[in-house]
Protein chains: 2
Amino acid sequence: MTTIKDVAKLAGVSTATVSRVMNGTGYVNPSTKEKVNSAIKQLDYRPNDVARSLYKGKSKMIALFVPDIMNPFFPELARAVEDVTNQHGYTFILCNTDDDFEKEQTYLNALQQKSVDGIIIVSSTITKELVGKISTPIIALDRIIGSNISSVTVNNREGARQAVQHLKSVGCKRIAHICGPEHVSNTAKRLKGYLDEVKNEDWFLSSYIVPGEYNFETAVQATKKLLTDHTEIDGIFVWNDLMGIGALKGAEELGINVPDELSIIAFDGITVGETTTPSLSTMAQPIYDIGTQAAEMLLEQINNSGYKTKREEFTVQLIERQSTRKRG
Amino acid sequence: MTTIKDVAKLAGVSTATVSRVMNGTGYVNPSTKEKVNSAIKQLDYRPNDVARSLYKGKSKMIALFVPDIMNPFFPELARAVEDVTNQHGYTFILCNTDDDFEKEQTYLNALQQKSVDGIIIVSSTITKELVGKISTPIIALDRIIGSNISSVTVNNREGARQAVQHLKSVGCKRIAHICGPEHVSNTAKRLKGYLDEVKNEDWFLSSYIVPGEYNFETAVQATKKLLTDHTEIDGIFVWNDLMGIGALKGAEELGINVPDELSIIAFDGITVGETTTPSLSTMAQPIYDIGTQAAEMLLEQINNSGYKTKREEFTVQLIERQSTRKRG
DNA sequence: CGCATTCATGTAACCCATTACATAAATAAT
DNA sequence: ATTATTTATGTAATGGGTTACATGAATGCG
């Protein structure tokens, strides 16, 4: 590797002058600048970012924590963050935490040791205490960590309400809910939204609420059990799209036609929802925008010393597809 | 941040001794070691990896290039690479290249400047010339870059042959192929496999081969056109699962029943294929294993100076699902 | 006992870029 | 003409580790 010394020698100046030319700082005589630039070109010199990082204490890298990139909600988020990151000359680090507190701790240490400039975190397990100990800028994404940590989320409760309202509007009379994983805060919020809409209906039974894992197969089983136990159900609001597709499958395996006999709506708006038959109605999150926003907030927090905690909430949007249809 | 100097001072030794204790190198008196360790614990000292990287010229980071993490083939690959990476104390960098040569160049420069230890590349656009200029260890994944660059791939041609054989075995008499994107080398390989099986059939027409983009929607359209132009077709081998799901949708929109009237098989074995109705038969790649293998080869290349170029080929496996079925 | 190892630890160079500080020349202001 | 500024460039400290080399004590061996 060629170093700044090689350039300095070839150009016949000191390394300080080369550095000044590289960074456009301080005074440099135009003719000197030219000599230096030509030396840089001639040697194809590129500065060592590690040395730069060491001096500056900043690495031009940012990280994203997701539970698991294989969960189809996260690739689009990751893509958005990486795009912004990349546009601003930062390098993008991806960490799969499995919502495991120890893994999160280990990652956090490793990243601090590498002088990573900021971290975007999607986590249900991480604590404000752990994050509070750290001086690295952090943004909470999809889920809130603590009151003094900026966050980007969506209106889960209101979105859930709208989903149930939509089921009602297409004529559903008995609406069930398949919940998400217990430890995820959004699970409770979407459940609340569902309850807002159904708890005062005379038909409502608490057994219309069934627990689910974050998982296709268990959603299939949960749906089959629900529809077998309660043949009167004609609408299901499912916690997320992945599980919604499971519900579609479950109904199909029971020979129940969607949407003629049963309407299904889910939450998230991931791409696969478009591809199934029937395609899946959903409360779509603006996933890419959410990721972009989080990344931009993080960069702002990194670069503006006067940054103050922010809380950004996006709204979800009903996308009506084939799995919900007005009944005569 | 506490530094090695703080530890040295507290323990009453030199920084060299602290370093020796940290790294287990050289001679250290047991009692000294204890003093140092207790100082480290007391100060909660963690070494600055940037300083370490600068001296060593290594960063303990590896990167993965994928065209686009939103393409459902790549999250599982990324997960596998990150898992191995993480197990060995490396940090994982993700780069979305969009198969854009300029982006690839920019990433490559940035990563070199950061002393990244190795790179795993999935790319159809990158050239051996570009990669050859670089001393950083590189593994080509899914697609081959050049003869002196190690690679991990699958038996695309043979897999394609088996896919067509399977369609024949369930009774298909007229088998078409929807191709992948032109610039991807696997497109040609899978096409060859298809041709191996059909070019000598008396029913074979070159118009049974239709081009496709890497994309759900165009696959839907391509399928509809194909099945409209050639009503005799009763089997389609589709380049990959994403497009296979599009084919499913296309047939459905024409009112053609899969698998009663038409069998469809695709390639890759991504998870969504299980969730559709009918579920999609496919030639499954061992995606996670491929990623693991690539990551392990990369680490080997990083750590063993005597490493020599390797070429690893995995075999794909037929997974029979509902989209292909024996006809009476 | 005397020389050769092994053990133990410290000093200082090194990795490479950035910048505070010093110095000197050129230009501006009085 | 003389002092104050601006311009231009170099020297050396800095960031935080690692390690080559030096030195001295302790142990081994003939």
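Keep in mind the model is a prediction, meaning the values are calculated, not measured. Hydrogens, waters and symmetry mates are skipped; everything else that's a heavy atom, side chains included, is used. Residue numbering restarts at 1 for every chain, and letters A, B, ... go by the order of the sequence lines.
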For M61(A) and K114(A) the tightest heavy-atom approach is CE-O, 3.9 Å
Do any pairs count as a side-chain hydrogen bond (donor to acceptor under 3.5 Å, both in side chains) and have a residue in residues 297-306 of chain A, sequence neighbours left out, and if so which ones? E300(A)-K310(A)
Counting primed atoms plus P, OP1 and OP2 as sugar-phosphate and everything else as base, spell out the protein contacts along nucleotides 9-16 of chain C at 4.0 Å heavy-atom distance: B, S or - for each nucleotide, 5' to 3'. BBB--BBB
Using a strict cut-off of less than 4.0 Å between a Lys/Arg side-chain nitrogen and an Asp/Glu carboxylate oxygen, indicate whether D49(B) and K56(B) qualify as a salt bridge. no
The residue, V50(B) or T25(B), whose nearest nucleotide of DNA chain D is more 5′ is V50(B)
How close or far is atom C1' of dG17(D) from atom CG of D6(B), stated in whole angstroms? 13 Å
Over all heavy atoms of both residues, which pair between I69(B) and A78(B) is shortest? Give the atoms and the distance, please. CD1-CB, 3.9 Å
Do R143(B) and S124(B) have side-chain N/O donor and acceptor atoms under 3.5 Å apart? yes
Remember a base hit wins even if backbone is also touched, and classify D49(A) as base, sugar-phosphate or nothing at under 4.0 Å, heavy atoms. nothing
Which atom names give the shortest non-hydrogen contact between F74(B) and D68(B), and what distance separates them? CD1-O, 3.3 Å
Starting at NZ of K60(A) and ending at P of dA17(C), how long is that distance when rounded to a whole Å? 17 Å
